[in-house]
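Some notes on the structure that comes next.
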Amino acid sequence: MGTRITPSILNSDLSKLADEVARIPSADLVHLDVMDNRFVPNLTLGLPVIESLRRHIAMPMDVHLMIAEVDRWAPAYADAGCESVTFHIEASNAPVRLARELRSLGARAAMGLRPATAIEPYADLLPELDMVLLMTVEPGFGGQAFLDIVLPKIARTRALLDKLGKELWLQVDGGVSAQTIERCAEAGADTFVAGSAVYSADDPDAVVRALAEQARAVRPN
Ligand code: DX5
Ligand code: ZN
């Protein structure tokens, strides 16, 4: 149970990643967006950077793979010591095998969905997972406006998870800020990615703490 803030470093100063992570000590995990210019029309960072960062930060790492051929690449991120590895269901040919492999390597296994991808076809997959990530913008870029149309899917996912009776985190990613986090929490999200809202502030950790407080006020348990 509980709520978590997992800030995205996408809009931070990427030339000093470890220092940027050090600016958000109140974060629960740091969210790292890997993009390959195939699954999404943008290119960010990949395995060598994640491996280097692992050696420099103690904060748990929540890697969000927005890449094609994810079945082939995702296990290496678990091997590199990422505590949570999210693959997109749209990019996976064998999600059950992949989730089991990630878990066997010691990572939490998470499934990501684009805004227009329904959760229902994947209901049977949920016991294999530790987290579901629902994109609340089209993946690819930070700083986009939150898509309200995803709110009903957050609620339907929450209902599926509650029925399961096993604790899975429900993460929302994209446009999460002081203006939108309560709507997400009310719909049932408990884990919140915030990128530009955190790193556009002079004191990013103060934003993390304020978001955590807003989320906890809606979901006190
Ligand atoms: C977008 C990424 C997000 C992004 C969030 O494709 O997955 O993690 O960094 O940034 P904001 O919070 O600015 O929407
Ligand atoms: Zn992300």
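As the structure is a prediction and not an experimental result, all values here were calculated from the model. Throughout, residue positions are numbered sequentially from 1 according to the sequence presented. Side-chain atoms are counted along with the backbone in the values below, which use heavy atoms only and exclude waters and symmetry mates.
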For [X] versus [Y], what's the shortest heavy-atom pair and its separation?
X    : Y    : answer
A78  : L105 : CB-CB, 3.8 Å
V40  : D36  : N-OD1, 4.0 Å
P139 : P41  : O-CD, 4.5 Å
G140 : N42  : O-ND2, 2.8 Å
E90  : G112 : OE1-O, 3.6 Å
L211 : S177 : CD2-C, 3.6 Å

| said: Would V150 and V172 count as a side chain to side chain contact (heavy atoms under 4.5 Å, CB included) here? Give the steps. | reply: CA-CA 10 Å; V150 183; V172 283; over 6 Å; no

Using modelled atom types and a 3.5 Å cut-off, is there a donor and acceptor pairing between side-chain atoms of [X] and backbone atoms of [Y]?
X    : Y    : result
T86  : L65  : no
S92  : I89  : no
D71  : A94  : yes
Q214 : A178 : yes
E20  : D13  : yes
T180 : G175 : yes
T6   : F192 : yes
R72  : A68  : no
T136 : F146 : no

Rounded to the nearest 0.5 Å, how far apart are [atom1] of [X] and [atom2] of [Y]?
X    : Y    : atom1 : atom2 : result
I181 : E213 : CD1   : CD    : 11.0 Å
R209 : I24  : CZ    : CD1   : 12.0 Å
L102 : D79  : CG    : CG    : 10.0 Å
L32  : I57  : CG    : CD1   : 6.5 Å
L134 : M111 : CG    : CE    : 8.0 Å
T3   : L170 : OG1   : CG    : 12.5 Å

With clusters defined by side-chain heavy atoms of hydrophobic residues (ILVMFWY) lying less than 4.5 Å apart, directly or transitively, does [Y] cluster with [X]?
X    : Y    : result
I9   : V198 : yes
I154 : L113 : yes
Y122 : L98  : yes
V218 : V207 : no
M66  : V49  : no

- Message: Check this for me, if you would: do D190 and R4 make a salt bridge, where the nitrogen-to-carboxylate-oxygen distance has to be below 4.0 angstrom?
- Response: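 Salt bridge flag = yes for R4 with D190.
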
Inset, instruction - Please test H88 against M135 for side chain to side chain contact (heavy atoms under 4.5 Å, CB included), starting from the C-alpha separation and ending with a verdict. - result: CA-CA 10 Å; H88 267 266; M135 289 300 311; 3.8 Å; yes

>> Can you confirm whether more than 12 heavy atoms, excluding those of E138, are under 6.0 Å from its CD atom?
In response: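 Check passes, neighbour count above 12.
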
inquiry  = For a quick check under 3.5 Å, do H31 and D33 share a side-chain donor-acceptor pair by atom type?
reply    =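 Result is yes, a qualifying pair exists.
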
**Request:** Could you verify whether a donor N or O on one side chain and an acceptor N or O on the other, from N11 and S196, lie under 3.5 Å apart?
**Result:**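 On atom types as modelled, these side chains do not qualify, holding no pair under 3.5 Å.
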
Would you mind telling me which of R103, R108, K166 makes a side-chain hydrogen bond (donor to acceptor under 3.5 Å, both in side chains) with D130?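 One option only clears the test, and that one is R103.
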
Practice problem: Evaluate the side-chain proximity of P60 to D28: yes if any heavy-atom separation is below 4.5 Å, no if none is. | Solution: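 A side-chain contact is absent here, since even the closest heavy-atom pair is not under 4.5 Å.
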
Contact check, side chains of M61 and Y77, non-hydrogen atoms, under 4.5 Å:
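Sidechains of Y77 and M61: no contact.
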
**Request:** Determine, step by step, whether H64 and V193 satisfy the side chain to side chain contact (heavy atoms under 4.5 Å, CB included) criterion, reporting the C-alpha distance in whole Å, the side-chain angles of both residues, the deciding distance to 0.1 Å, and the verdict.
**Result:** CA-CA 11 Å; H64 178 192; V193 179; over 6 Å; no

**Prompt:** Is R23 close enough and on-axis enough to Y199, meaning under 6.0 Å and within 45°, for cation-pi?
**Reply:**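 No, cation not above the ring by the 6.0 Å, 45° rule.
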
TODO: Check step by step if salt bridge (charged side-chain N to carboxylate O under 4.0 Å, His left out) holds for E83 and R54.
DONE: CA-CA 10 Å; E83 281 76 359; R54 177 71 296 172; 2.8 Å; yes

